[in-house]
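Each remark here refers to the structure printed beneath this line.
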Amino acid sequence: LHWRGKAITLGEGLGLVAQRFPRLAVLGSNDVALMWVDWYGGKPEVVLQRLGPDGRPLWKKPAHAGPHTIGSPLRISAVEGGLFVLNGNRIFYFTENGQVQTPPTGVPFLRKPPSDESIQLLATGNAAVIVWSQNGNIGAQAITPTGSKLWGRDGVYVCTVAGEQIRPRASLQPGGDVVIVWEDNRLGPGTTDIFAEKVSSNGKPLWRAGSGIPVCTVPGVQSRPAVIPFGEDKTLVAWQDLSGTQTELYADLLNVFGESEWGRDGKLLASVDGSSESQNLHLARSSSEDILLYLTRVGGPTYSTLLV
């Protein structure tokens, strides 16, 4: 690994074949948790190391989060005192000293891993929240650092209607609730809509259990939503309309009950040339509390617009 132009060694016991798929998370005030897949004797395994501000490894030996199936999800999220790791269909928790606190083989939250783009890991100080799409349904689970499942053995399924529900994204609200948004084609082939559901901190759907609420159901293809908390009890949802020759970026502000504040089917914010499924929409908050909405494309330029 090179850190600020200098080569560093990540610790003892690493494989000699290859290290791939790195992931980063900020740990503490100045440190970084680095996760990657390391080939031990030709078998891929998930490995972690904590790095100080100068890039120096702080754990004598890297921590391990089990074998990895190439192509399955790999996520990391740091919290105060440690970090959660999602490897395939299992969750691990490591303390800031690199000690695993869940069972060493992790805690399974699904029988088999979902696809890589169909899962998201969120984390608070007392639990990891996993949101996924599998077999056309949207599910979620919360798991503590010691491995206890807070939302039942199999989690909570927030949408189980006919049709396919995919690409879920979620945000943690200030009060501990989780808002989940996704693509939904329940209205038939050729049209994709955006739906949402809020789940309480104890795993209870709050808006419309089993189906979610419609955010945008205009004809055409509404794709790849993004979501972020807005104020104390509101939620900002953004998405792409890929129905025409341009990509149109829409957003809506939902109140605590999931009701639209910007009008049904959202507000048009910007249009960019071209329309492609190989692009992602992101929401982020600036230091001045503005909201940055930006679009990234595989092999193409990045477009952005600022919401005040």
Side-chain angles (χ1 to χ4, degrees), residues 115 117-120 122 131-133 136-138 140 158-159 161 163-173 178-199 207-208 211-230 234-255 257-285 290-298 300-308:
S115 65
E117 69 171 7
S118 295
I119 194 164
Q120 186 172 4
L122 305 170
V131 177
W132 66 83
S133 169
N137 299 319
I138 304 296
V158 302
C159 184
V161 300
E164 188 176 36
Q165 290 77 43
I166 61 173
R167 292 172 178 157
R169 291 295 177 264
S171 71
L172 285 169
Q173 304 300 103
V178 179
V179 173
I180 305 169
V181 297
W182 63 88
E183 292 182 28
D184 197 304
N185 73 349
R186 70 181 71 182
L187 298 182
T191 182
T192 304
D193 302 306
I194 305 299
F195 278 72
E197 180 60 87
K198 178 185 275 190
V199 180
W207 288 345
R208 194 173 299 169
S211 67
I213 61 168
V215 177
C216 180
T217 57
V218 299
V221 178
Q222 324 304 318
S223 178
R224 297 183 184 268
V227 60
I228 196 172
F230 195 93
K234 298 181 181 181
T235 304
L236 183 65
V237 182
W239 63 93
Q240 308 170 52
D241 188 319
L242 304 178
S243 303
T245 58
Q246 288 190 316
T247 296
E248 295 183 330
L249 306 182
Y250 283 82
D252 198 359
L253 187 64
L254 307 181
N255 66 19
F257 304 108
E259 300 165 336
S260 170
E261 294 203 355
W262 290 357
R264 178 66 185 271
D265 298 323
K267 178 189 295 184
L268 176 63
L269 301 177
S271 298
V272 296
D273 293 335
S275 179
S276 172
E277 274 288 303
S278 60
Q279 56 193 22
N280 290 295
L281 189 63
H282 308 271
L283 284 168
R285 191 182 302 276
D290 293 331
I291 302 296
L292 181 66
L293 171 69
Y294 61 101
L295 181 69
T296 59
R297 286 177 170 166
V298 177
T302 297
Y303 300 91
S304 64
T305 185
L306 185 66
L307 307 181
V308 180

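In this text, all values refer to a predicted model and were calculated from it rather than measured experimentally. Just so you know, these numbers use all the heavy atoms, side chains as well, and skip hydrogens, waters and symmetry mates.
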Taking the side chain as every heavy atom from C-beta outward, state whether [X] and [Y] have any pair of such atoms under 4.5 Å apart.
X      : Y      : answer
Thr217 : Phe195 : yes
His282 : Leu292 : no
Cys216 : Asp265 : yes

Restricting to side-chain contact (heavy atoms from CB on, under 4.5 Å), what partner residues turn up for [X], sequence neighbours left out?
X      : value
Arg208 : Glu197, Ser211, Ile213, Pro214
Ala238 : Ala251, Leu281, Leu283, Leu293
Glu248 : Asp241, Tyr250, Leu268, Ser271

Those residues that, when tested against Lys234, pass salt bridge (Lys or Arg N to Asp or Glu O under 4.0 Å) (two or more places apart):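 Salt bridge (Lys or Arg N to Asp or Glu O under 4.0 Å) check on Lys234 returns Glu261.
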
Can you sort out the partners of Glu164 under salt bridge (Lys or Arg N to Asp or Glu O under 4.0 Å), two or more places apart, ordered by chain and number?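 In terms of salt bridge (Lys or Arg N to Asp or Glu O under 4.0 Å), with neighbours along the sequence ignored, Glu164 is linked to no residue.
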
If you apply the rule side chain to side chain donor-acceptor pair (under 3.5 Å), what do you find for Asp184 with Gln165, and how did you get there? CA-CA 5 Å; Asp184 197 304; Gln165 290 77 43; 3.2 Å; yes

[atom1]-[atom2] distance between [X] and [Y], expressed to the nearest 0.5 angstrom:
X      : Y      : atom1 : atom2 : answer
Glu183 : Arg167 : CD    : CZ    : 4.5 Å
Lys198 : Thr235 : NZ    : OG1   : 5.5 Å
Arg186 : Thr192 : CZ    : OG1   : 12.0 Å
Ser260 : Asn255 : OG    : CG    : 8.5 Å
Asp252 : Glu259 : CG    : CD    : 11.5 Å

Heavy-atom closest pair, residues [X] and [Y]:
X      : Y      : answer
Trp207 : Phe257 : NE1-C, 3.2 Å
Ser243 : Val221 : OG-N, 2.9 Å
Leu187 : Asp193 : CD1-OD2, 3.1 Å
Ser171 : Pro229 : CB-CD, 3.7 Å
Pro168 : Trp132 : CG-C, 3.8 Å
Ile180 : Ala170 : CG1-CB, 4.1 Å

Which residues satisfy the side chain to side chain donor-acceptor pair (under 3.5 Å) test with Ser133, sequence neighbours excluded?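 Side chain to side chain donor-acceptor pair (under 3.5 Å) check on Ser133 returns nothing, list empty.
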
Verify, without hydrogens or angle tests, whether Asn185 (side chain) and Gly163 (backbone) share a donor-acceptor contact under 3.5 angstrom.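 No, because the side chain of Asn185 does not come within donor-acceptor range (under 3.5 Å) of the backbone of Gly163.
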
Checking side-chain contact (heavy atoms from CB on, under 4.5 Å) between Val178 and each of Val158, Val227, Leu122, which is the one that passes?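 Going through Val158, Val227, Leu122 one by one, the side-chain contact (heavy atoms from CB on, under 4.5 Å) with Val178 is satisfied by Leu122 alone.
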
